[in-house]
Amino acid sequence: MLSWSILELLRENPELLKEHVKRRLMDPVLIDEAKKIDDEWRKALTGLNKMRSQHNKLSRSLKEARDPSERQKLIRQARELAARIKSEEEKLYAIEGKREELLLALPNLVEDDVPIGDEEASIPIRFWGKPKVWKDHIDLFLEQTEKYGFSVEYDMLEDKPVGHADMLEHVLKLGDTLKAGEVAGSRFFYLFQDIIWLETALLAYAIDKMTGKGYALVMPPYMLRGNIVKRVIDLETFKDAIYKIENEDLYLIATAEHPLAALYAGEEIYDDELPLKLVGISPCFRKEAGAGNRDLKGIFRVHQFHKVEQFVYSLPEESRRIHEELIKNAEEIFQGLELPYRVIKIASGDLGACAIKKYDLETWMPAQGKFREMVSASNCTDWQAYRLKMRLIRRKGMKRSYVHTLNSTAIASTRAITAILENYQNKDGTITIPRVLKKYLEVYDTAPKDYIHPTRKIVSPKAKKKKTC
RNA sequence: GCCGCGGUCGCCUAGCCUGGCAUGGCGCCGGCCUGCUAAGCCGGUGGGGGUCUCCCGCGCGGGUUCAAAUCCCGCCCGCGGCGCCA
């Protein structure tokens, strides 16, 4: 029998499963309901199977029956039984639909070392780099470091750094969210010229890094069917993030994770093919419906951006080790960019239903005086695999179970740009280009190589008006 | 978008016309045999449940029938041709 960790626990140890749900600060009544309907379903199925068996016997005996009156009798019996089966089937399907709905609503388990609590309970586990801290932000900085028992070296800034949004739109004049707001809505943007070279270089750098580690480069579909999307993510994400194409059963992806997880939907994977390591590149479309008024300025939280994404299909016994590998890969990328960061172990209440454990990488943002999320790395264990029916077959004994899936950002374009705008700004209004990106810019004649300067050739109509008045 | 052909167990395939327990091969797993390898032989290899001489399963969903892989309708996907667009 194919075993899904959560269904196994639901049947064998529902109390323990409740403990996991409680860790997420969710109502464990979920488990009682799921258990009840699963029992009901199993009972109904057994009852129905007995009737079907009866009917099959009748039907088989009809094949041989020659005597016309005997045939009539058997047909009448079979007909009656068939009618009863049909009504029982309808009941079963109703239960089955409800069962499916409840099972798909169950969150993943929670790994034992995940801190319990809401967002506040998430804890930094390591720091890297020497953040540039503005003198008025020192207390704020210490609250994000020393409070957790870390002593992090920093460089003090005398002058107040320019925020990434102002840097982009008013100093460099290489972005325009005002005009984008008029023509598309808030959280959209126009980017111009050197910023796009920067984005191109960031994506190329991440791709180069990941393929160098043996990850296979994938360009996935940017839209997926509803039935796939709802199996890759939880309902919450679906409501907050997913755009739908009108009059079609197609949804814009919020990350390459979705189509990469769907790549093996319904497939069998043999143990000797694992781990299967992928690096996807795609645009990401997000409604940001739950974001309220947070990060309205600039391009930190937007409806579309590009992302290079790590995705791994793994053996169950290897997923924990690979999860560490994914966050280490992301760290290597940000170390290369020389952006100071910390890694956070996300608390149980803030995990997202798919993940058993999640790390975020947050870079220091000198103008905000905060560490902000750049990368999210999740171990989904068999949660996505069960929903997408991605089976693992072990050669030894041909035992069947489910693969584990993991995902992590490598680079998210707009976020990484904001981090560079705040960390690499100079007094003269220029941005130093991180050294590691230079080789990806050298091949282009018109791309900037060392610095991004405030543009002389203004494209943005809003910036033009400001200049003339 | 239109017309034609197709979709069967991990892969390939028979069965469809003419309704009555899904055939064979490859691969894989287990065993036997063998000095080693190769070959050979036997058994297994979709899913589910209360694990049994049970049920369901032939792209998906409906219909006809005592009974559907098989007949009918709708849809999805693939291939070929035509049209349209880049």
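Labels below follow one simple rule: chain letters A, B, ... track the order of the sequence lines, proteins then strands, and each chain is numbered from 1.
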In whole Å, measure the gap between the C1' atoms of B:rC72 and B:rC16 for me. 14 Å

Does a donor on one side chain and an acceptor on the other come within less than 3.5 Å for A:Q384 and A:Y402? no

More than 12 foreign heavy atoms under 6.0 Å from NZ of A:K449: is that the case here? yes

For RNA chain B, what string of dots and brackets results from 5' to 3' when Watson-Crick and G-U pairs need both distances under 3.5 Å, crossing pairs get [ ], and pairs with another strand get |? ((((((((.[[[..)....(...]]]((((((.......))))))((((..).)))..[[[[[..)....]]]]])))))))....

Measure CG/A:L392 against C1'/B:rG10 and give the value in whole Å, please. 13 Å

Among A:D295, A:D360, A:T418, which residue meets the side-chain hydrogen bond (donor to acceptor under 3.5 Å, both in side chains) test with A:R372? A:D295

If you measure only the distance, is there a donor-acceptor pair under 3.5 Å linking the side chains of A:T237 and A:D234? yes

How many Å lie between NZ on A:K389 and P on B:rG10, as a whole number? 14 Å

Contact class for A:L45 (heavy atom, under 4.0 Å): base, sugar-phosphate, or nothing? sugar-phosphate

Taking the same atom, C1', in B:rU8 and in B:rG57, what whole-Å distance lies between them? 11 Å

Without decimals, in angstroms, what is the distance between A:I75 CD1 and B:rC66 C1'? 6 Å

Nearest-nucleotide 5' precedence on RNA chain B, A:A82 against A:E267: A:E267

P-based separation of B:rC3 from B:rC73 [nearest Å]: 14 Å

Of residues 99-106 of chain A, the positions that come close to RNA chain B - non-hydrogen atoms, cut-off under 4.0 Å: none

Closest nucleotide among B:rC54, B:rG50, B:rG49 to the A:K50 side chain: B:rG50

Any side-chain N or O of A:N56 below 4.0 angstrom from OP1/OP2 of B:rC55? yes

Send over the distance from A:Y93 OH to B:rG61 C1', rounded to a whole Å. 11 Å

At under 4.0 Å, does any side-chain N or O of A:R42 touch on OP1 or OP2 of B:rG50? yes

Integer angstrom distance from the C1' of B:rC58 to that of B:rA69: 5 Å

P-based separation of B:rA67 from B:rA14 [nearest Å]: 29 Å

Rounding to an integer number of Å, can you tell me how far A:L58 CG sits from B:rC55 P? 12 Å

If I pick the P atom on B:rA38 and the same atom on B:rC29, what distance separates them, to the nearest angstrom? 12 Å

Whole Å only: how far is the CG atom of A:D271 from the C1' atom of B:rC28? 11 Å

Can you tell me how far P in B:rU65 sits from the matching atom in B:rG49, rounded to whole Å? 33 Å

State which residue, out of A:K57, A:R76, A:H55, fulfils the side chain to side chain contact (heavy atoms under 4.5 Å, CB included) condition with A:L81. A:H55

Do A:T409 side-chain atoms and A:S376 backbone N/O form a donor-acceptor pair below 3.5 Å? yes

Relative to the 5' end of RNA chain B, which residue comes earlier, A:K86 or A:H55, by the nucleotide with the nearest heavy atom? A:K86

From B:rA67, B:rG49, B:rU65, pick the nucleotide closest to the side chain of A:T46? B:rG49

Answer with yes or no whether the side chains of A:T177 and A:E169 bring together a donor and an acceptor at under 3.5 Å. yes

Distance check needed: B:rC55 P versus A:N49 CG, whole Å only. 8 Å

Whole Å only: how far is the CD atom of A:Q54 from the P atom of B:rC56? 13 Å

